[in-house]
**Student:** 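The following block contains the structure, expressed as structure tokens.
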Number of protein chains: 2
Amino acid sequence: MPGDEKTQEAGGMTDNLEKKLEELCKEKGMRVTEQRRIILKILSDSPDHPNAEELHRRVVRLAPSISIATVYRTMNTLESYGLIERHIFADGRARYEAGGSEHHDHLVNVETDEIIEFRCDEIEELQKKIADEHGFDIVGHRFEIYVRAKKRR
Amino acid sequence: MPGDEKTQEAGGMTDNLEKKLEELCKEKGMRVTEQRRIILKILSDSPDHPNAEELHRRVVRLAPSISIATVYRTMNTLESYGLIERHIFADGRARYEAGGSEHHDHLVNVETDEIIEFRCDEIEELQKKIADEHGFDIVGHRFEIYVRAKKRR
DNA sequence: ATCACTATTGCGACTCACTCTCAATTATTG
DNA sequence: CAATAATTGAGAGTGAGTCGCAATAGTGAT
Ligand SMILES: [Mn+2]
Ligand SMILES: [Mn+2]
Ligand SMILES: [Zn+2]
Ligand SMILES: [Zn+2]
């Protein structure tokens, strides 16, 4: 069942990403290290959007010697090549998610800190229109909606 | 010509804001200090979105003894009471703008660092719809479009 | 399997926006 | 003007993230 890349079920797109990691490394003369493999695997198995500290906590359970500096470095290089995405929500810390899933934006539940993904084609279209009307090409965008559970009435 | 609050022309909404500052201070038992008055005035005369350092630079031209710590503190208190707004764009530093203008979001020209304001009612509506469909009330949102000058063709 | 080469790692020192502490100053009320 | 307490300037402190460096370990060739 290829093409079925709905949500991140355990190990779903992991092999896919691991392959991409190998391609990328070969192409750029980078090395496929254990730490890169493990960090990327754990991130792609994470359904949430962990920050570096939390990601490191998860990584260390599997490979105790990996340092947090390596987590930061790995996120930086992999982001620069589009293998992962970095988000900075209201708390100001970087959070990461494995790339590969289709574009989406986020709802942030300010009470629980939970992050919900959504996609809205109309909004994506309107953005293009707005940028275009101002004479610009879009390079990227950031869109987060901060929410709380609806008040029952 | 009241009600005409299109752009921030020099001193336009300043008196308005200064009045609000005085009300706020009285109401909360805070003091109307020279530093607060000056910092708020200079911010409301700023058509751009300065960060603390830049704002401090402008403030110091008029009142050399005001410290940057006071700029930070003033931004924090005034933001908590809704007199100003804080934004954090891609560079990660806080930038400020005087409140009072109607809600808008921002285009950020990644080449010039210039910030352009825009308003899109459709997008604001769609947000409500999205939050609603997920069972949430909106607390706030952040929306920035990063752009560059359109490639001529 | 071994080697030479050099990218990567772990560690701890460092950076930089921003916050905090505290003694001195000043707005406010009467 | 005096009493009171909020605010300030200066500088120390905080914390997420980065950097320099010696040790380690992928990689491609032998
Ligand atoms: Mn996501
Ligand atoms: Mn603005
Ligand atoms: Zn989007
Ligand atoms: Zn908006």
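We name chains A, B, ... by the order of the sequence lines, and we start the count at 1 in each one. Source: prediction; values computed, not measured.
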**Student:** Starting at CZ of A:Arg37 and ending at P of C:dA7, how long is that distance when rounded to a whole Å?
**Tutor:**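 Value for this atom pair: 19 Å.
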
**Student:** Would one find a side-chain N or O of A:Asn76 under 4.0 angstrom from OP1 or OP2 of D:dT18?
**Tutor:**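 It does, given that an N or O in the side chain of A:Asn76 lies less than 4.0 Å from OP1 or OP2 of D:dT18.
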
**Student:** Can you tell me how far P of C:dA24 sits from CZ of B:Arg31, to the nearest Å?
**Tutor:**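 Going from B:Arg31 (CZ) to C:dA24 (P), I get 18 Å.
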
**Student:** Answer yes when B:Arg37 and B:Glu18 have at least one side-chain N-carboxylate O distance shorter than 4.0 Å, and no when they do not.
**Tutor:**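 B:Glu18 and B:Arg37: salt-bridged.
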
**Student:** So does B:Thr33 get a side-chain nitrogen or oxygen closer than 4.0 Å to the phosphate oxygens (OP1/OP2) of D:dA6?
**Tutor:**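 No, no such contact exists.
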
**Student:** Relative to the 5' end of DNA chain C, which residue comes earlier, B:Glu34 or B:Asn51, by the nucleotide with the nearest heavy atom?
**Tutor:** B:Asn51

**Student:** Specify the closest pair of heavy atoms between B:Glu53 and B:Ile68, including all atoms of both residues, with the distance to one decimal.
**Tutor:**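 For B:Glu53 and B:Ile68, the tightest heavy-atom pair comes out as CA-CD1, 3.9 Å.
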
**Student:** Looking only at the side chain of A:Arg73 (C-beta and beyond, no hydrogens), which of the listed nucleotides C:dT8, C:dT9, D:dG9 gets closest?
**Tutor:**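 Between C:dT8, C:dT9, D:dG9, the one nearest the side chain of A:Arg73 would be C:dT9.
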
**Student:** Can you tell me which nucleotide in D:dA16, D:dT7, C:dT19 comes closest to the side chain of B:Met30?
**Tutor:** D:dT7

**Student:** Heavy-atom distance under 4.5 Å between the side chains of A:Tyr96 and A:Glu79, does that happen here?
**Tutor:**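 A:Tyr96 vs A:Glu79: side chains apart.
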
**Student:** Compare the minimum distances between each of C:dC11, D:dG11, D:dT8 and the side chain of B:Ala69, then state the nucleotide with the smallest one.
**Tutor:**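 Selected nucleotide (nearest to the side chain): D:dG11.
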
**Student:** Return the value, rounded to whole Å, for the distance between atom CD of B:Gln35 and atom P of C:dA24.
**Tutor:** 18 Å

**Student:** If you check the B:Ala94 side chain, which of C:dC18, D:dT8, D:dG28 turns out closest?
**Tutor:** C:dC18

**Student:** What integer distance in Å separates A:Phe89:CZ from D:dA16:P?
**Tutor:**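 Rounding to the nearest Å, CZ of A:Phe89 and P of D:dA16 are 18 Å apart.
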
**Student:** Counting heavy atoms from C-beta on, name the nucleotide in C:dT9, C:dA17, C:dT26 closest to the side chain of B:Arg93.
**Tutor:** C:dA17

**Student:** Quickly work out the B:Glu27 CD to C:dT28 C1' distance and round it to whole Å.
**Tutor:** 17 Å

**Student:** Step by step, would you call A:Glu124 with A:His103 a side-chain hydrogen bond (donor to acceptor under 3.5 Å, both in side chains)?
**Tutor:** CA-CA 10 Å; A:Glu124 302 293 328; A:His103 170 76; 3.0 Å; yes

**Student:** To the nearest angstrom, how far is A:Arg36 atom CZ from D:dG26 atom P?
**Tutor:** 11 Å

**Student:** Under 4.0 angstrom, heavy atoms only, what part of the nucleic acid is A:Ile66 near: base, sugar-phosphate, or nothing?
**Tutor:**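 Sugar-phosphate contact only.
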
**Student:** Is the shortest side-chain N to carboxylate O distance from B:Glu23 to B:Lys20 below 4.0 Å?
**Tutor:**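 Between B:Lys20 and B:Glu23 there is no salt bridge, as every charged N stays at least 4.0 Å from the carboxylate O atoms.
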
**Student:** Both B:Arg95 and B:Lys26 contact DNA chain C. Taking the nearest nucleotide for each, which residue is further toward the 5' end?
**Tutor:** B:Arg95

**Student:** Roughly, in whole Å, what's the span from OH in A:Tyr72 to C1' in C:dG12?
**Tutor:** 15 Å

**Student:** Separation of B:Lys28 atom NZ from D:dT7 atom P, in whole Å?
**Tutor:** 13 Å

